[in-house]
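To start, the structure under review is shown below, and the notes come after it.
Letters go in sequence order (proteins before strands), and every chain restarts at 1. Only this structure's heavy atoms are used, side chains among them; waters, hydrogens and symmetry mates stay out. Since we're looking at a predicted model, the values are computed, not measured.
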Number of protein chains: 2
Amino acid sequence: MSIRHSLLALLQDRPRYGYQLRIEFEDRTGSSWPLNIGQVYTTLDRLERDGLVQKDGADGEGHIIYSITPAGLAEVGDWFQAPVGRANPPRNELAIKLALALTLPAVDVGGLIQAQRAVSIRALQEYTKSRRDAAVNPRPADMAKLLVLDSLIFQTEAEVRWLDLCEARLMQLTGPA
Amino acid sequence: MSIRHSLLALLQDRPRYGYQLRIEFEDRTGSSWPLNIGQVYTTLDRLERDGLVQKDGADGEGHIIYSITPAGLAEVGDWFQAPVGRANPPRNELAIKLALALTLPAVDVGGLIQAQRAVSIRALQEYTKSRRDAAVNPRPADMAKLLVLDSLIFQTEAEVRWLDLCEARLMQLTGPA
DNA sequence: ATGGGGTTTTTCAAGGAGGAAACATGGGCA
DNA sequence: TGCCCATGTTTCCTCCTTGAAAAACCCCAT
C-alpha cells in the first residue's frame, strides 16, 4: 500500500512518467528497497482508474506523463498526515521461523540462531560502511538516504540483540549445560 | 514466501487440514501476524501442485487432510537450514514516508515524527503489557509467543530511537531555532 | 422436530506484486 | 551508412494476497 502513496507523493512534486518515478523513488530511498518497474505501471493504472492521477499525454520524447489530480493531492495529504498504522505490522519472517522452530522438535534452534546472527552482523557492517560513505557529503539531498540507512542499522541492531536474547532463553530452557 | 514454509513446517509435525493450520499458526506466533484463511487454502493448492504436500482424503468429520511429502520435508529442512536472506528486506513504510517527506516541501516532517513517535510509544506499552501477562506462566509452549513479543518490542524500541535521531537531524538541518 | 444464531470450514473473485520479455532509442565503430 | 550493444521505457503474464461470501455444522430455546 505504500507504493501507491509514494508514487502520489512524487507526483505531488511535479508530473512525471513511469520509469522516472522508479528512478526517483530508488534514489530518494537509497535503493534500499528496489521498486519493481512493473509495479510502477500497474499502480499508475490503478491510480488513474481511481481518479487520483491523470494522463497528460506525451511529452517531447513520447513519454506518457502522469500528473496528480485534486483527489490525489487530498489522498497524499492524508497519507502524510496519518501515522503509520501498527494494526498489522508486516510479517517478520525471522521471528516466525524461530517461533515455529521452537515449537517443533527436530529443528536445531541453536544453530539457526547462530547462522542468523552471523548474517545480521555482516549486514550491519555493510550498512555502517555505506553510511560512512554517504555521510562524507552531507548535502540536504542526501539526508533522506542517510536516514534510511540509519533505520536499517537500528533495525538490524535490534535484531542482533533479539537473537542474543533468544539464545539466552534457549539455554535457560534446555538447562544450563 | 514465509507462509508457504510455515505451513510446511506445521505439516511436518503431523497432517492437518486448512482451518486447523491457520489456528495453529496464529497460536504459535501469538496472533501477532494474522493469517488470512483464504491464503491458507490457495497456498495448500500450490503446495500440492508442486508436490510438497498431498491430500490424504477426508478424516472422520469430513475435513480434507493434507500431509507432507518427502519433497516437502526436504524443502522445509532447507528453509530452517538457510538463514533469512537480507537481500531484499521488507519495505519499511515509515522510513519510506519520512524519506519522501524530507525531499518534498510542503510536508510537516516535524509533526509527522511527533505523531509517529506517540503511536510507537503506545504500541510499545501494549506489547510490554502483553509480555508481562504472558510471562506469568512460562510453560515451554508459551516460549514462542514470548519471543515474538520480544521481537516486536525490540523493533519498536529501535523505531522510537530512530525517530529521535531523525528529529535531532531535522533540527540540525533547519538550524538551531 | 425446528429454526435461529453462532462457530467452523471452504471457496470464489478481484486486486496487488514481481519477473522477464518486448520495444524503442541513441551512440560507438566497421 | 549500417550494425550492434547499452540503456531507457513499457507491457505482459504469472503468482501471491486479501476480503467477503458460501456451505456445513452445532447448540439450545421453542
Side-chain angles (χ1 to χ4, degrees), chain A residues 1-8 10-11 15-27 29 31-53 55-66 75 79 85 87-93 96, chain B residues 1-8 10-11 15-27 29 31-53 55-66 75 79 85 87-93 96:
Chain A
M1 254 322 49
S2 55
I3 298 306
R4 179 183 171 94
H5 290 113
S6 298
L7 296 189
L8 275 181
L10 289 173
L11 289 176
R16 300 175 210 263
Y17 56 92
Y19 188 80
Q20 202 177 13
L21 284 167
R22 172 166 100 144
I23 299 297
E24 301 222 5
F25 177 88
E26 297 210 341
D27 191 47
T29 55
S31 315
S32 301
W33 301 290
L35 176 53
N36 186 296
I37 182 61
Q39 200 176 343
V40 173
Y41 291 99
T42 54
T43 303
L44 280 173
D45 285 346
R46 286 191 293 262
L47 285 171
E48 188 186 18
R49 179 202 59 192
D50 298 342
L52 304 181
V53 308
K55 280 198 178 104
D56 275 1
D59 70 353
E61 284 94 17
H63 302 141
I64 303 159
I65 301 290
Y66 287 86
E75 170 118 359
W79 184 58
N88 28 0
R91 292 198 187 94
N92 182 337
E93 175 162 0
I96 291 176
Chain B
M1 259 317 55
S2 54
I3 298 306
R4 178 184 172 94
H5 291 112
S6 297
L7 297 189
L8 275 180
L10 289 173
L11 289 176
R16 300 174 209 262
Y17 57 93
Y19 189 80
Q20 202 178 12
L21 284 168
R22 174 166 100 144
I23 300 298
E24 302 222 4
F25 177 88
E26 297 210 342
D27 191 47
T29 55
S31 313
S32 303
W33 302 289
L35 175 54
N36 186 297
I37 182 61
Q39 198 175 346
V40 174
Y41 291 98
T42 54
T43 303
L44 281 173
D45 286 344
R46 285 190 294 263
L47 285 171
E48 189 186 16
R49 178 201 60 192
D50 298 343
L52 304 181
V53 308
K55 279 197 178 106
D56 275 2
D59 70 353
E61 284 95 18
H63 303 140
I64 302 159
I65 302 289
Y66 287 86
E75 171 119 358
W79 184 59
N88 28 1
R91 291 200 187 90
N92 182 336
E93 176 162 0
I96 291 175

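The phosphate of dG16(C) has OP1 or OP2 within less than 4.0 Å of a side-chain N or O from R46(A). Phosphate proximity of dT9(D) to Y17(A): present, with a side-chain N or O under 4.0 Å from OP1 or OP2. One finds no side-chain N or O of Y41(B) lying less than 4.0 angstrom from the OP1 or OP2 phosphate oxygen of dT11(C). The phosphate of dT9(D) has neither OP1 nor OP2 within less than 4.0 Å of any side-chain N or O from R16(A). Contact check, Y19(B) against dT8(C): a side-chain N or O comes under 4.0 Å of OP1 or OP2. For N36(A) and dG19(C), the shortest distance from a side-chain N or O to OP1 or OP2 is below 4.0 Å.
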Chi angles and distances behind the side-chain contact (heavy atoms from CB on, under 4.5 Å) call for Y66(A), Q20(A): CA-CA 11 Å; Y66(A) 287 86; Q20(A) 202 177 13; over 6 Å; no
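Looking only at side-chain heavy atoms (C-beta outward), L44(A) and I64(A) stay at 4.5 Å or farther from each other. Considering only heavy atoms from C-beta on, T43(A) comes within 4.5 Å of L47(A) through its side chain. Between L52(B) and R4(B), some side-chain heavy-atom pair lies under the 4.5 Å cut-off. Taking the side chain as every heavy atom from C-beta outward, F25(B) and L21(B) never approach each other to under 4.5 Å.
Between the C1' atom of dG18(C) and the CD atom of E26(A) lies a distance of 13 Å, rounded to the nearest Å. Between the CG atom of L35(A) and the P atom of dT10(D) there is a distance of 14 Å, given to the nearest Å. One atom, CZ of F25(A), and another, C1' of dA17(C), lie 13 Å apart when rounded to the nearest Å. Atom pair L21(B):CG and dT8(C):C1' shows a separation of 14 Å (rounding to whole Å applied). Regarding D45(A), its CG atom lies at a distance of 13 Å from the P atom of dA17(C), rounded to whole Å. Between the CG atom of L44(A) and the P atom of dT9(D) there is a distance of 14 Å, rounded to whole Å. Between I3(A) atom CD1 and dG15(C) atom C1' the separation is 15 Å, expressed in whole Å. Nucleotide dT11(D) holds its P atom 11 Å from the CD atom of E48(A), rounded to whole Å.
G38(A) comes within 4.0 angstrom of a nucleotide base, judged by non-hydrogen atoms across all strands. Using a 4.0 Å heavy-atom criterion, one finds that R91(A) contacts the sugar-phosphate atoms exclusively.
Set against dG16(C), dT10(C), dT18(D), the side chain of I64(B) has dT10(C) as its closest nucleotide. If you check dA17(C), dG15(C), dC15(D) against the side chain of T42(A), the one that comes closest is dA17(C).
Closest non-hydrogen pair, S31(A) versus P34(A), comes out as O-CD, 4.0 Å.
Positionally, the nearest nucleotide of DNA chain D for H63(A) lies more toward the 5' end than for the other of Q39(A) and H63(A).
Comparing the helix axis at one end of the helix from dA1(C)-dT30(D) to dA30(C)-dT1(D) with that at the other, each defined from 5 consecutive pairs, gives an inter-axis angle of 20° (nearest 10°).
Remark: side-chain polar atoms of N36(A) are paired, donor with acceptor, to backbone N or O of G38(A) under 3.5 angstrom. Between the side chain of E26(B) and the backbone N or O of L35(B) there is at least one donor-acceptor pair closer than 3.5 Å. The closest donor-acceptor contact from the side chain of R91(B) to the backbone of S2(A) lies at 3.5 Å or more, if one exists at all.
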Shorter than 3.5 Å, N or O on both sides, protein versus nucleotides 21-26 of chain D: list them out with atom names.
none

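A search for side-chain hydrogen bond (donor to acceptor under 3.5 Å, both in side chains) contacts involving W33(B) returns nothing, not counting sequence neighbours.
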